[in-house]
Amino acid sequence: MPSKEQLEKYADILIRIGLHVQPEQPVSIDSPIESAEFARLLMNKAYEAGASTVDIEWVDPLAHKIRLQKETDKNLVKVPNWIIQRAQELIDNNAAFLNIAADNPDLLADVDPKRIAMFHKAVGEKAKNVQQYFMEDRVTWLVCSLPTQDWAQKMFPEESATSAVDKLWEAIFKVMRMDAADPVAAWENHIETLDKRAKWLNDLNLKKLHYRAPGTDLTIELSHLHTWIGASSVNEKGTRFVANLPTEEVFTLPKRNGVNGTVRSTMPLAYGGVVIEGMEFTFKEGRITDFSSKTGYETLKGLVDTDEGSHYLGEIALVPNDSPISNLNTLFYNTLFDENASCHMAIGKAYPTCLNGGKEMSEDELLQHGVNDSITHVDFMMGTSELDIDGETQDGKTVAIFRQGNWA
């Protein structure tokens with residue numbers, strides 16, 4: 001178990017670098033009940049940073065599983081209005097949202113995939129307008145994590161429960177740069193590096209990308225208004241924040257109908273309490289025309305069939321193979337970490353922030369510029385040490401972007 005001092009430093013990074021809490025700003029924390037002690041520490045740190053009120057929404061994964069198993073179909077797809085009203089009131093008051101993502105990857109392995117898909121679709125449809133605030137970075141939000149017992153033992157099955165949790169704490173602290181003399185300063189420097197990389201890509205003014213790796217031969221066109229984004233974002237009030245900690249990515253959106261070829265996943269995807277392995281996708285004019293997986297096929301099918309937009313990509317992200325998370329050679333079974341060990345792509349909704357002027361555009365205008373829309377957004381990892389990526393500029397020049405999994 002980490003020392004009190006280590007936990008204090010970790011909480012400082014999340015509140016000061018991630019949320020960047022402002023004076024008199026409300027803070028909303030979503031936390032598994034198993035993480036209650038650390039959630040209360042975050043609460044204290046938020047108040048010390050000047051938060052007006054801090055509210056914790058407790059999450060019980062086992063209760064969620066019981067609901068998926070026992071509730072009738074009719075009631076399972078009912079999403080109460082008060083859930084949306086609560087979120088909207090927090091948004092209207094410029095709240096900062098922190099979500100602790102620490103799910104058991106196998107929690108719903110024995111639950112009917114059709115019911116999981118029904119639930120996700122119902123929530124996605126009901127929360128679409130609220131979710132738009134997050135996708136457009138109009139509010140401050142942060143996804144972070146800390147160990148839970150089931151998750152730790154999935155990663156380290158040969159260890160005792162206590163030892164597994166300790167090893168996961170060690171891994172998280174390593175990738176969170178907690179071993180630096182000043183972790184907050186280390187993160188500020190890292191964020192600056194990612195922002196510079198995004199600027200380099202934007203200066204190239206790319207027209208398309210070509211991915212090549214075993215099982216992958218994919219061409220992705222980019223909108224002429226696309227923009228690459230690094231670690232930091234700016235909310236509607238002009239306050240900078242970092243939406244994911246840890247983060248190693250630089251990302252943008254593909255042109256909705258401009259994806260062609262095949263791509264193979266290189267890591268399992270822990271999605272909704274089910275682990276999906278060995279995914280392969282075929283795209284034609286942006287749309288997924290064929291897909292397969294070695295495990296979790298019905299869950300994957302439910303994801304792809306969520307709506308029309310879930311048949312298209314909404315994000316492409318570049319992460320070097322030589323990065324802190326990748327160098328651990330540890331599979332986290334948690335997208336927050338695994339996506340920052342590997343280049344990845346997302347099925348579903350695109351971030352309007354990845355299009356110059358996108359936040360001010362209507363849905364029709366965004367679609368005209370090739371921005372995909374969906375009620376879902378799910379990342380899958382496809383990076384490898386054998387991945388090469390070439391970019392083509394607007395004037396037809398070819399530029400090496402990645403070679404053997406790293407920046408060229």
Side-chain angles (χ1 to χ4, degrees), residues 1-2 6-7 9-10 13-14 18 32 34-35 38 61 99-107 109 143-180 183 186-187 190 194 213-214 231 244-249 264-279 293-296 317-345 378-387 402 404-407:
M1 182 68 184
Q6 288 175 309
L7 291 173
K9 286 184 177 180
Y10 184 37
I13 292 172
L14 299 179
E34 189 177 338
S35 307
F38 188 74
N99 177 43
I100 298 175
D103 296 335
N104 172 4
D106 295 322
L107 177 69
V143 181
C144 60
S145 196
L146 64 153
T148 55
Q149 183 176 311
D150 287 335
W151 174 29
Q153 290 198 282
K154 174 70 172 179
M155 287 181 60
F156 306 108
E158 304 302 319
E159 303 287 340
S160 67
T162 300
S163 177
V165 169
D166 286 344
K167 286 177 73 72
L168 182 48
W169 267 121
E170 182 181 343
I172 290 175
F173 278 2
K174 182 71 174 177
V175 301
M176 283 296 299
R177 294 170 166 79
M178 294 292 293
D179 53 355
W187 270 102
H190 176 56
L194 290 176
N244 287 344
L245 283 175
T247 182
E248 303 289 334
E249 68 178 302
R264 175 183 296 172
S265 70
T266 53
M267 291 184 185
L269 169 64
Y271 169 68
V274 177
V275 176
I276 308 172
E277 299 184 75
M279 296 179 292
S293 66
K294 293 180 180 177
T295 67
L318 304 181
V319 178
N321 193 60
D322 182 15
S323 62
I325 302 178
S326 178
N327 290 338
L328 284 180
N329 292 314
T330 300
L331 181 62
F332 280 83
Y333 295 99
N334 182 311
T335 301
L336 174 64
F337 295 91
D338 290 335
E339 73 170 8
N340 284 296
S342 167
C343 286
H344 55 273
M345 300 173 178
V378 178
D379 298 280
F380 67 92
M381 288 60 73
M382 43 71 61
T384 166
S385 60
E386 299 175 272
L387 175 63
F402 261 52
Q404 296 183 320
N406 290 303
W407 292 103

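Worth saying up front: this structure is predicted, and the values here are computed from it rather than measured.
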Checklist entry - Going through the checks in order, is the side chain to side chain contact (heavy atoms under 4.5 Å, CB included) test met by Leu331 and Phe337? => result CA-CA 9 Å; Leu331 181 62; Phe337 295 91; over 6 Å; no
Judged by atom type as modelled, is there a donor-acceptor pair below 3.5 Å linking the side chain of Asp338 to the main-chain atoms of Phe332? yes
Residue pair Glu277, Arg264: steps toward the salt bridge (Lys or Arg N to Asp or Glu O under 4.0 Å) verdict:
CA-CA 10 Å; Glu277 299 184 75; Arg264 175 183 296 172; over 6 Å; no
Do Glu248 and Val175 make a side-chain contact, defined as non-hydrogen atoms from C-beta onward lying under 4.5 Å apart?
no
Practice problem: Look only at the side chain of Asn340 and the backbone of Leu336, and say whether a donor-acceptor pair between them is shorter than 3.5 Å. | Solution: yes
| field | Audit row: Trp151, Tyr333, ring pair (Phe, Tyr, Trp, His ring centres under 6.0 Å) steps and yes/no | value | CA-CA 8 Å; Trp151 174 29; Tyr333 295 99; 9.6 Å; no
Output for pair (Ile276 CD1, Ser293 OG), nearest 0.5 Å, gives 6.5 Å
Scanning both residues in full, the closest heavy-atom pair of Pro147 with Ile172 reads CD-CD1, 3.8 Å
Side-chain donor/acceptor of Trp187 to backbone N/O of Met176, under 3.5 Å: yes
Between Met178 and Gln6 the two heavy atoms that sit nearest each other are CE-O, 3.3 Å
Check: Thr247 main-chain N/O paired with His190 side-chain donor or acceptor under 3.5 Å: yes
**OP:** Taking the side chain as every heavy atom from C-beta outward, state whether Glu249 and His344 have any pair of such atoms under 4.5 Å apart.
**Re:** yes
Inset, instruction - Could you tell me whether a side-chain N or O of Asn244 sits under 3.5 Å from a main-chain N or O of Pro246, the two making a donor and an acceptor? - result: no
Taken in chain and number order and not counting sequence neighbours, the residues that satisfy side chain to side chain contact (heavy atoms under 4.5 Å, CB included) with Thr335 are Leu269, Glu339, Asp379
Open item on the list: Could you tell me if the side chain of Met381 sits less than 4.5 Å from the side chain of Ser265, heavy atoms only?
Closed with: no
Rounded to the nearest 0.5 Å, the CG atom of Asp322 sits from the OG atom of Ser385 at a distance of 11.5 Å
Tightest non-hydrogen contact, residues Cys144 and Leu14, listed as CB-CD2, 3.7 Å
Sequence neighbours excluded, the answer for ring pair (Phe, Tyr, Trp, His ring centres under 6.0 Å) partners of Phe38 is Tyr10
- Any sub-3.5 Å donor-acceptor pair from Asp150's side-chain atoms to Asn104's backbone N or O? no
| task | State whether the side chain of Thr330 and the backbone N or O of Leu328 hold a donor-acceptor pair below 3.5 Å, judged by distance alone. | result | yes
Carboxylate-amine/guanidinium contact Lys154 Glu159, below 4.0 Å
no
Output yes when a side-chain donor or acceptor of Ser145 lies under 3.5 Å from a complementary backbone atom of Ala101, and no otherwise. yes
Between Trp169 and Leu146 the two heavy atoms that sit nearest each other are CH2-CB, 3.8 Å
Heavy-atom closest pair (Phe156 atom, Leu168 atom, distance to 0.1 Å) is CE1-N, 3.7 Å
Residues passing the ring pair (Phe, Tyr, Trp, His ring centres under 6.0 Å) test with Phe380, sequence neighbours excluded, are Phe281
Short side-chain donor-acceptor distance under 3.5 Å, Asn334 and Asp103:
no
Tightest non-hydrogen contact, residues Ser323 and Ala341, listed as OG-CA, 4.3 Å
Quiz prompt | N/O donor-acceptor pair under 3.5 Å between Thr384 side chain and Leu387 backbone | solution = no
Rounded to the nearest 0.5 Å, the NZ atom of Lys167 sits from the CE atom of Met155 at a distance of 9.0 Å
Query raised in the report: For the side chain of Ser342 and the backbone of Gly383, is there at least one donor-acceptor N/O pair under 3.5 Å apart?
Result: yes
